[in-house]
Amino acid sequence: MTGKGDTVRGTREMSMPLAPDWRLLPTAVRAVVIVALTVACVATPGFFSLPNILSLLTTVSFMGCVAVGMTLITISGNIMSFSLGATAGAAAMVFIVAVNIGGIGIGLIAALAVAALVSAAQGFAVGWVRANPIIVSIAAVALIYGTAEIFTRHSSIYFKPGTGIEILRGKLGGVPLEFVVLLCVTAAGQFILYLTRFGRNLYMMGSSFRAAEAAGVKTWRTVTGAYLWAGAFTGLAGVMLAIRYDGANMDYGVGYEYDAIAAVLVGGTLMKGGHGSALRTLAGAMIIAIVQAMLLLRGFRQEWQYLFTGLIVFAVILLHSSGERR
Amino acid sequence: MKASIRNDPHFRPLVILAACIVLLSAVDWGQWRFLSAATPFSTLQTFANIGLVALGLGLTMMIREFDLSVVGMFGLAGCVAVMTGAAHPWFGIACAIAIGLAAGIIQGLIMVRFALGSVGVTLGGLLTFVGLAHVLTENRSVPYDNFRVALLVNEPFAGLLSVRSGVSLAIFAVVALTFGFTRLGRDIIAIGSDRRAAMIAGVNVDAFIVGIFAFSGVCAAATGALLSYSLASASPAGLSDVLVPAAAAAILGGVSLGGGSGRPLGIATGALVLAVLRSGLNAVEAPPFVNDIAMGAILLTVAIGDGPYLMRRLRQLAARERTDR
Amino acid sequence: MPEVLSVEGLGKSYTGVRALHDVSFSLGSGEIRGICGENGAGKSTFVKILMGITQPDSGSIRIAGRARDIPGPRQAQGMGLGIVAQELSLAPHLSILDNIWLGSAGVPLLHRRQALRERAQKALDALGVGDWDLNGRVGALTMGQRQIVEIARLLARDTQVLILDEPTATLSDSEIERILAVLRELKAQGRSVIYISHRLGEIFELCDTVTVFRNGECVATKPVQEVSREGLIELMLGRPFDEMYPQHHANPDARNALVIERLTVPGMVHDFSAVAPRGKILCVAGQIGSGAAMVTRAAAGLLPDAIGRLTLDGKTLRLGSVPHCVARNVFFLSEDRASEGLFPPMKVLDNLVATRLYAHAPLGVLSWRALRRIATDLAERVGVDRNRLGTAAVNLSGGNQQKLLFGRTLERTEPGVLLMNEPTRGIDVGARAEIYRLMRRLCDLGYALVMTSSDLEEVVGIADIVVTMYRGRTVARYEGERIAMSTILADITHPAEQAAR
Amino acid sequence: HAQDKSKGKRVAMLQTLATHPYVATTTNSFKARAERYGMEVTVFTAIFDAALQAQQMDDAIARKFDLIAVMAAHESAVVPAMARAKAAGIPVIMVNNTPKAGAEEFYVTFVGQDQVAMGRATGESVLKALKASGRDGGRVALITGALQQGLGPHRVAGFREAMKANPKVQIVAVEDGKWQTALSEKIAGQLYARYAASGGLDAVYGMADNQAIAAIRAAEAAGISVGSKPKQLIVVGSNCLKEGIDAIKSEKLHSSVTQIPTDLGVKTADTVNDYFNGKKLPKQVLLPTELITKANVARWAQKCSY
Ligand SMILES: Nc1ncnc2c1ncn2[C@@H]1O[C@H](COP(=O)(O)OP(=O)(O)OP(=O)(O)O)[C@@H](O)[C@H]1O
Ligand SMILES: Nc1ncnc2c1ncn2[C@@H]1O[C@H](COP(=O)(O)OP(=O)(O)OP(=O)(O)O)[C@@H](O)[C@H]1O
Ligand SMILES: [Mg+2]
Ligand SMILES: [Mg+2]
């Protein structure tokens, strides 16, 4: 309920004695969550062991990149894209084909370009005629799968021997390369959102489309840009999947869009747009991954793991928003 | 006159439906695969899988919310029905519906009490319901041993209907009548069109939110339970992909995510479009990618045709062309 | 006068803001009570509590002598209360008829439409708009027309206590006249009215008594005969008030900045031509729906199907592209601040620099240092507290929000053009005077200002040049001494040549 | 001529997922072979949607195909539709996905592999490898395909059966990796962590080779040595995917088990042909289940690339 009635008095009442400062509440809630998580981690045997940390960091990276991309879409006021998972799969396949033809450089360019273009095309439809983002992305999923079926003739594809892809499978200072990429993607996302004109335009559009338009923001380019970056980040996730597992098919990336939107929400980015950040999403992705790891490590049976994950996501969303709103 | 037909919320879905039928008939001409006596029954069976879920989801979309949890409820209700309804099928259905109702009410109350958006809450609901289904079934598929019921719910009667599709159509009819002839329909449109306004005007918005999410839960639960009966099994992972077709059906049927538009009969037509496409493409033996691409193309066309800026952009292009010359 | 409504010790706080504090109030039957106060004084909060839209933290409400809890608008309706809220409360997708009966407690689940239709028609007749199509969608109506539907809703429902929160902010003078007449009629029938307005003229014309809110407190209640205009303003502001409209300065450099030739917006504006010189305020006056607001929108690039020729400082200004206009320092301030001006959840700082990112983003990368400096500067110049740069813009009062929007347009390398629709709508007297001063200061800097307004008092008070419009066509142009309320009113309501037909 | 009776017969092939390489290859080789027999094959794809598959079965019944070959998307959900087919007098042949026990009356025969035997073969391979590397007992973890129904539970059962031969070898964890690569890697890492403090795992069964590869990746990342030598973590897979074959060659993967779509497709077509020609069919037509190890990997390299 924001209308012109919802206004705080002008400059004069600054000296007015304030009620308890509720603005600190979200911070407090977050602190409590972080402390609780840390305690739970410490109390879980094996959590801080190398295998756990490494597998956690590696596998959160694929979905994490998609989630950071999703964040841009959410902030721009377009809720979510259902097509990012399929885009990741397609990028993985394109990457392998292109690497086999022209080497790693070409592969990278081709995969990222295809992912970015596929996504940007949706962004264009959403931005230029303001088509409904959810439907456009559902349509895109169907089109991507259909097209992939025609092109791939239903097969998995693999790297040829001798492409030298192995060098991309290492660690950097003990940290898995995938996680380094996720950190870079998060940094890039954060940079875009906070330090570029484009990023500011995204927030403006997300918080009020009409106001952004009246202020001279080129709205369709901004939306297209958001989808373009989301596609590129997702493409990177696809490339990493292909590299890590030595092959690809369209099943790669299935379901990532749900995981990604869960990470975005748990991070506290608002669904209605205009608010949020890439760092928050990174935090959200980590929280979900950590909780899942903890449940497995503590030997919970599979079905309880599912239930607890659900309840915890629920709880975090509730906590977040009640802190946010008060 | 012409304009009034075009403004009719059922106009577009009907046109799309007609177009699909004409196209499929043309493809099939002379081979009597699509144009066969079996197609209507088959179409209505598919309709029974998604129709009600689309209705529940569509109503939440009409009030500018989105119920992601239908997927979870669909699977959970199937498991509950199969596990409790072996001896007394009605009891199983009742249990499933009770769970759907309770889950919908709880989610609705959470949204209302804490002023939360529905995407977040129902995402939590979705994951929780899936988890619950896994716990209840101990991560196994459960067979439904009452084979007689399984065959009965799909038994054709009147050549066209089965119990499942009959139930769906009946519920659609009731909802459409309620929507059209009582205050409720207009109140729902008002809430979707401007929630604050509706509240100030005296509509009990909170009750509607809770009620509609409860209805959506019940729809998903009933569909899930009946489907599980008809397949004589339930799986915590779900037996059918339902969210995307349901959302697509609602949208094809004229519901917009912006709220305030759409009618139950429109949603029914939208679901029918999808069902005709599925059954029809199956019948004409189209390769699977044709199904995907046709569906994608239709949705994309609808989305772009619905785009509020479409006319403006076309005029801009026309103007630019004029000045360029 | 028997008391119909009374309130004791009402208090309400929002996060960090005390919106109401210990308010006591009572209303007699057949009384029209005006409520005045600055933006954010708590007027809307007060009436929202009466309607059950928000719940008070403390205090009690008695209706017709009985203590009542008001959990929601529906219950309030049952007690005979009805509101025209400050923000319209109509559903654009529904028909006029459905909107009139929307949420009415008197409509059962199953009902006969015919009876409702007749009662709705009567309400429209009373408001002089009996010729409207009850089945027409509200979304197709103008703001002013919608306001009338809202009032019709109250009439149709037989409300005993009518609460109107700035009902006339979007109406033209003739419409206002009609509404005031209807309210007087209702008073004669023994109903009571609570009337909130920033237009003091209406208060004096209509109300029996006036209550003044300041800082969430009820500071005075007086019969209107006992207060003067100045006295009332002083009560509202809590300090003496000197002058509303600042002095005109003769501007030596009155080059023509924006020249509009044969501007046409299909269906709305026909062949509009005018010249906006630097250092002056050009006011396009017209009723709501006359097309005046469309002229500024078109010039700002917001209407893609506008045609005509615009030149700025001799160079052509392309129609239909806002970025292009912004790049040439042509800015637009919307009448709809909440949804077309402000970025509500974003910080004041972000809002201030929204249109200047181009200049401070070499290669697209922002220089926050520069932006922060500029924002601080701008805040200073338009009079927004610089300590509030970090707060969300929604939390500012209406007046401060408007100042903030002005701020966006300042500090350019060269003075530009400002296109404003209803720049003081919903803004209290104090803030209004500050905004007029700000506009004059912009003139002194060499800006050309174009504004539209449906408040004739404002038009006469601030404009240097007035162009009147009626149904999309220009009626006349006045300058300096020739600007007079009566001729303008005649022009915009029923101009001579059109009346002749 | 015996084969003549197949000529002109209309066969419906209901497959699970057209985009899945294994499924697609099976279907394609089935189609090619069947068409050589003169049959007319129509393929339906259910995208792993049990409800859609039941629907397709009903459509096929309504259109009076001469025979329905079905890869069940869900073992019990397909049964009511099979019952309707039987009532309509249309024979059903189950392909690849093991039918539900107790539904024998509704299908003619099952063509595919004995999934329990596959699990058993893998288990035996683990026992042998443990012994060869000098370990008498050991701890084994299973990262499986979807456990709700279908192949996964059968293979687990077979694996458990094999373990009975040496009670000192324990199955310490059975985690559902849903056939997914990345998920399996995550689970593997967490399993290593869970058992690191108490001496680590001795063997991991990735139910499909892609999952086994994921387990290998996780181990390598965690600095756990993978292979068949003493103290090394033994990883076994099955399904003979190309990545599995490569890993066997590089001695990272100890063994895999054959599961060859071209053979399955051909065998299915032959069985259908036999049926039309009135041959008496057994209730199960099983394809051979063979263990692939370093020793015989060369033989399978060709067939396992699809
Ligand atoms: N929902 C809300 N959340 C937080 N603060 C609010 C809310 N609604 C009102 N306020 C604050 O309460 C105070 C009183 O607001 P109110 O809307 O009653 O003022 P008003 O007198 O009606 O002003 P105006 O003349 O601008 O309409 C303001 O400081 C406002 O910012
Ligand atoms: N805020 C601004 N400040 C400075 N220059 C700007 C600004 N906005 C736009 N421009 C510049 O003004 C010029 C015209 O922009 P405009 O959007 O009209 O171009 P356009 O061709 O219509 O683009 P589009 O195809 O996006 O509508 C461009 O060169 C642009 O870089
Ligand atoms: Mg107010
Ligand atoms: Mg442009």
Side-chain angles (χ1 to χ4, degrees), chain B residues 32-33 36-39 41-43 45-46 48-50 74 78 82 133-134 137-145 147 149-156 162 223-224 227-242 245 275 278-279 281-283 285-289 291-292, chain D residues 10 12-20 23-24 27 40-64 72-84 86-87 100-103 106 144 146-150 152-153 174-176 178:
Chain B
W32 309 110
R33 293 172 304 187
S36 82
T39 307
F41 177 75
S42 159
T43 304
Q45 286 295 90
T46 313
N49 288 348
I50 52 171
F74 190 72
V82 162
H134 279 93
T137 58
E138 302 183 322
N139 198 15
R140 297 253 134 62
S141 282
V142 272
Y144 182 59
D145 296 326
F147 209 64
V149 173
L151 293 180
L152 191 73
V153 289
N154 276 340
E155 194 65 44
S162 67
T223 314
L227 181 72
S228 273
Y229 278 180
S230 86
L231 295 175
S233 53
S235 164
L239 289 169
S240 185
D241 175 24
V242 70
R278 254 197 185 175
S279 300
L281 289 174
N282 245 337
E285 290 159 29
F289 67 84
N291 196 355
D292 279 340
Chain D
R10 293 165 57 241
M13 171 75 181
L14 276 60
Q15 61 176 359
T16 45
L17 184 63
T19 46
H20 194 288
V23 175
T27 309
E40 211 180 282
V41 178
T42 306
V43 179
F44 297 92
T45 300
I47 357 176
F48 271 117
D49 188 320
L52 179 55
Q53 187 167 63
Q55 188 62 51
Q56 290 170 337
M57 186 93 111
D58 286 339
D59 289 348
I61 297 167
R63 286 170 56 193
K64 303 197 173 61
H74 189 280
E75 60 190 16
S76 49
V78 76
V79 179
M82 287 188 346
R84 287 192 284 276
K86 182 175 174 174
K100 184 183 170 217
F106 301 125
T144 69
L147 278 183
Q148 284 116 39
Q149 57 101 28
V174 180
E175 297 287 344
D176 192 342
K178 298 182 181 167

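The analysis underlying the following values was restricted to heavy atoms, covering all of them including side chains, and did not include hydrogens, waters or symmetry mates. So that the names make sense, note that chain A is the first sequence line, chain B the second, and so on, each numbered from 1.
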Working to the nearest 0.5 Å, report the span between CG of B/N291 and CG of D/L52. 8.0 Å

To check you understand the geometry: which heavy-atom pair defines the closest contact between B/L151 and D/P80, and what is its length? CD2-O, 3.7 Å

What distance do D/D58 atom CG and B/N154 atom CG have between them, rounded to the nearest 0.5 Å? 6.5 Å

Answer key: most heavy-atom pairs under 4.5 Å with chain D among B/A286, B/A283, B/A150, B/P236 is B/A283

Would you mind checking which part of B/S230 comes under 4.5 Å of any heavy atom in chain D, side chain (CB onward), backbone (N, CA, C, O), both or neither? backbone

Non-hydrogen atoms of chain D under 4.5 Å away: do they reach the side chain of B/T46, the backbone, both or neither? both

Note: vs chain D, highest number of non-hydrogen pairs under 4.5 angstrom among B/S141, B/S36, B/A38 is B/S141

For B/S233, run the side-chain contact (heavy atoms from CB on, under 4.5 Å) check against D/K100, D/Q149, D/H74 and tell me which one passes. D/H74

Below 4.5 Å from any heavy atom of chain D, which atoms of B/N139 appear? Answer side chain, backbone, both or neither. both

So do the side chains of D/Q55 and B/N282 get within less than 4.5 Å of each other, counting heavy atoms only? no

With a 4.5 angstrom heavy-atom cut-off, is it the side chain or the backbone of D/V79 that approaches chain B, or both, or neither? both

Going by the rule ring-ring contact (aromatic ring centres under 6.0 Å, His included), which residues pair with B/Y229 if we only count those two or more places apart in sequence or in a different chain? B/Y144

Could you state the interatomic distance from OG1 (D/T42) to CZ (B/R33), rounded to the nearest 0.5 Å? 8.0 Å

Got a second to check how far B/S42's OG is from D/Q56's CD, nearest 0.5 Å? 9.5 Å

Minimum heavy-atom distance between B/R140 and D/L147, given as atom pair plus value: NE-O, 4.4 Å

Apply ring-ring contact (aromatic ring centres under 6.0 Å, His included) to D/F106 and list each qualifying residue two or more places apart in sequence or on a separate chain. B/F147

